[in-house]
Structure formats: structure tokens, C-alpha cells
Amino acid sequence: HEPLIDRATWDRVQVLLGDKHNRSHTMTYAADVIHCGHCGHNITGELKIKKTKQGPKEYLYYRCTKYNKPGHPRTRVTESDLDHQVLTIFDKMRIEDEGVREWFRAVLASKTKDAQAETRAQRSELQRQQTLLAAQQDRLLNLRIDDQIDETTFLKKQAELRDRAASILLHLEVLNRSSDENAELACKVFELSQTLRERWLTAEYAEKRKILEIVWLNCTLNGVTLCPQMRKPFDILVEGLSVPLSGAEGS
């Protein structure tokens, strides 16, 4: 059946009612963030409280929601272990050598300039078409004023030219917006990739969730190992820059 309320609301109510073992709204890796590599169901968090000589101690584990189903691997992994794996992924993205980082920024800037040059060429062509179209509209109007074409033909051609003009204007607006946004986004993505470890270590629950949404498309837990599908261009950074770097050294 279709749920009457969302999962986060349900979890919050359970905590307020005293169920301390169900807190997925504050569990970084619960609630649709990771799926089980064995059956595909969601990974959820489970809080265990154990008595020690120093007093009660909390242990947070993550497991598949079908953990207790017959035949399902009874695998649990601690939050600290998942954190360690996430930080390892972030470390793969980081370029430690400042010189290499500056080289990468320069390459990124160069690529951005190339893209901007292509955008300028496309914009120039659209503006040229816009000018020609305006001239055609003027000629059409003059033909109608001189009574060289009938009103039906005039209205039909006028509608066609107006639609073409609207299409060109829309393409220009998209081109102008995407050019600036893509150039800015490329720089921001790289700078973010270099500071993910520091951000993660000081982040609260909501920010950690946001980081995961930005960095990966989806993730499965195979046994106790995280297997994320990284978003572009984070996937390239995780794989490493060995090919571009070897080319740079040889140049």
C-alpha cells in the first residue's frame, strides 16, 4: 500500500514516543542512501545499547532491512567503518601535490575557455540568424503594405517567422545561462573534491547527506564494502589522473 506518511516523519515520531532504536532520520547511511548488494533493499540503521562498567554505551550498526529473512547474509557494519570507507574515497579524489593541483586548475580553466569560445561562436551564429529574420519580417510587412500578398498568406508567414524568432531567442537565453553556470560549476566541483575530507569530519547529519547526494548517484553495500557509482566528474577524480599526468610529464 502507498504509505500515508514519509519515512522521516515516521522515524521522528518513533523517537518522540521513546523508540530509541529507530533513528534513521539522523543516521547518515539509512533511508534510501545505500541498497543491499544481495537483495537490493534499503540499508537501515540499528542502534544497540550495551551495558559496560562505565555505563550504557551506544553502538550504531547498518544492515539490510531484510537482514532477518531466511537465507539472507546476516551482515552488519558499524557507522565508523562506513565513515572510514567514505573518507578513503574522498582521499582518492584529493591531489596532494600543490603543483599538480595548480596544473589541473589551469587545464580546467583552459577547457572552460575553449567551451566559452565555442559558446561565443554559437551565440554569434544565432544573432546573425536573428538579424536576418528581423529583415525578413520587415520585407514581409512591406509586401503586405504594398498589397503584393494577401492577408491570409501574410498572417501565415508572419506566424512562421515569429515562431522562428522565439526559438532563436530561447536558444540564446539557454546558451548564455548554461555557459556561465557550467564554467562556474566546473571550478566549484574541483574545489569541493579537494576539501571533502575536511568538510565530512566537521559536518552534521544533513550536510553529510547532501555531500553523498552530490558525490554519488547510488551506492550498494556488498558484504561490508561500499560500492558507490560516482557522479561525473567525481568518477574521474576517484579513478585518478595517471593518464593526463603521464602526458603532462612527457610534454
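Cluster annotation: L82 and I214 are assigned to the same hydrophobic cluster (Ile/Leu/Val/Met/Phe/Trp/Tyr, side-chain heavy-atom contacts under 4.5 Å, transitive). When hydrophobic clusters are built by joining Ile, Leu, Val, Met, Phe, Trp and Tyr residues whose side-chain heavy atoms come closer than 4.5 Å, directly or via intermediates, L132 is not grouped with L126. Grouping the Ile, Leu, Val, Met, Phe, Trp and Tyr side chains by contacts below 4.5 angstrom, directly or via other members, places I49 apart from Y59. Under a hydrophobic clustering in which Ile, Leu, Val, Met, Phe, Trp and Tyr are joined whenever their side-chain heavy atoms come within less than 4.5 Å, directly or via other members, V215 and V238 fall into the same cluster. L192 and I211 fall within the same hydrophobic cluster, where Ile, Leu, Val, Met, Phe, Trp and Tyr residues are linked whenever their side-chain heavy atoms come under 4.5 Å apart, directly or through other members.
If you look at H35 and H41, their ring centroids are not closer than 6.0 Å.
Pairing each heavy atom of T78 with each of Y62, the nearest pair is C-CD1, 4.5 Å. Scanning both residues, T28 and V33, for their nearest heavy atoms gives O-CG2, 3.8 Å. In terms of heavy atoms, F154 sits closest to L140 at CD1-CG, 3.7 Å. The two residues I149 and R144 come nearest to each other via the heavy atoms O-NH1, 2.9 Å. In terms of heavy atoms, S193 sits closest to M93 at O-CB, 4.1 Å. Of all non-hydrogen atoms in H72 and C36, the two that sit nearest each other are NE2-SG, 3.5 Å.
In this structure, Q148 places its CD atom where more than 12 heavy-atom neighbours from other residues, nucleotides or ligands lie under 6.0 Å away. No more than 12 heavy atoms of other residues, nucleotides or ligands lie within 6.0 Å of NZ in K66, so this atom counts as exposed by the packing criterion.
For the pair R197 and F90, the cation does not sit on the ring face, since its NZ or CZ is not both under 6.0 Å from the ring centre and inside 45° of the axis.
Using a 3.5 Å distance cut-off with no hydrogens or angles, the side chains of E79 and Y29 do not pair a donor with an acceptor.
Side-chain contact check for R123 versus L172: some heavy-atom pair is nearer than 4.5 Å. Contact annotation: the side chain of W200 approaches that of L212 to within less than 4.5 Å [non-hydrogen atoms, C-beta and beyond]. Looking only at side-chain heavy atoms (C-beta outward), I89 and L196 stay at 4.5 Å or farther from each other. Here the side chains of I34 and N42 are not in contact, with every heavy-atom distance at 4.5 Å or above. The shortest distance between side-chain heavy atoms of M230 and L217 does not fall below 4.5 Å. Between C39 and C64 the shortest side-chain heavy-atom distance falls below 4.5 Å. Side-chain contact between T153 and K157: present, with at least one pair of heavy atoms (C-beta onward) separated by less than 4.5 Å.
For the atom pair CD1 (I168) and CD (Q127), the distance works out to 10.5 Å, reported to the nearest 0.5 Å. If you take NE2 on H171 and CD on Q129, they are separated by 9.5 Å, rounding to the nearest 0.5 Å. Of the inter-residue distances, the one linking T195 atom OG1 with E191 atom CD reads 7.5 Å to the nearest 0.5 angstrom. The line from CZ of F190 to CZ of F234 is 11.0 Å long, rounded to the nearest 0.5 Å. Atom CG of L226 and atom NE2 of H84 lie 11.0 Å apart (nearest 0.5 Å). To the nearest 0.5 Å, the span separating CZ on R76 from CG on L60 amounts to 10.5 Å.
With salt bridges taken as basic N to acidic carboxylate O contacts below 4.0 Å, one links E125 and R128. Under the 4.0 Å criterion applied to side-chain N and carboxylate O atoms, K48 and E58 are not assigned as salt-bridge partners.
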**Asked** Does the pair R63 and R74 meet the rule for a side chain to side chain contact (heavy atoms under 4.5 Å, CB included), with working shown?
**Response** CA-CA 8 Å; R63 60 172 177 80; R74 297 179 63 82; over 6 Å; no
**Message:** side chain to side chain contact (heavy atoms under 4.5 Å, CB included), that's the test. Do I43 and T65 meet it? Break it down for me.
**Reply:** CA-CA 6 Å; I43 297 298; T65 52; over 6 Å; no
**Request:** Check the pair R94 / E96 against salt bridge (Lys or Arg N to Asp or Glu O under 4.0 Å), numbers first and verdict last.
**Result:** CA-CA 6 Å; R94 181 172 172 79; E96 295 296 338; 3.4 Å; yes
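Residues satisfying the side-chain contact (heavy atoms from CB on, under 4.5 Å) test with T75, not counting sequence neighbours, are P73, V224. Among residues two or more places apart in sequence or in another chain, the side-chain contact (heavy atoms from CB on, under 4.5 Å) test is passed with K51 by none.
For residues 214-231, the side chain to side chain donor-acceptor pair (under 3.5 Å) pairs, not counting sequence neighbours, are N218-Q229.
In terms of modelled atom types and a separation under 3.5 Å, the side chain of S167 and the main chain of D163 share no donor-acceptor contact. A side-chain donor-acceptor contact under 3.5 Å links N142 to the backbone of D138.
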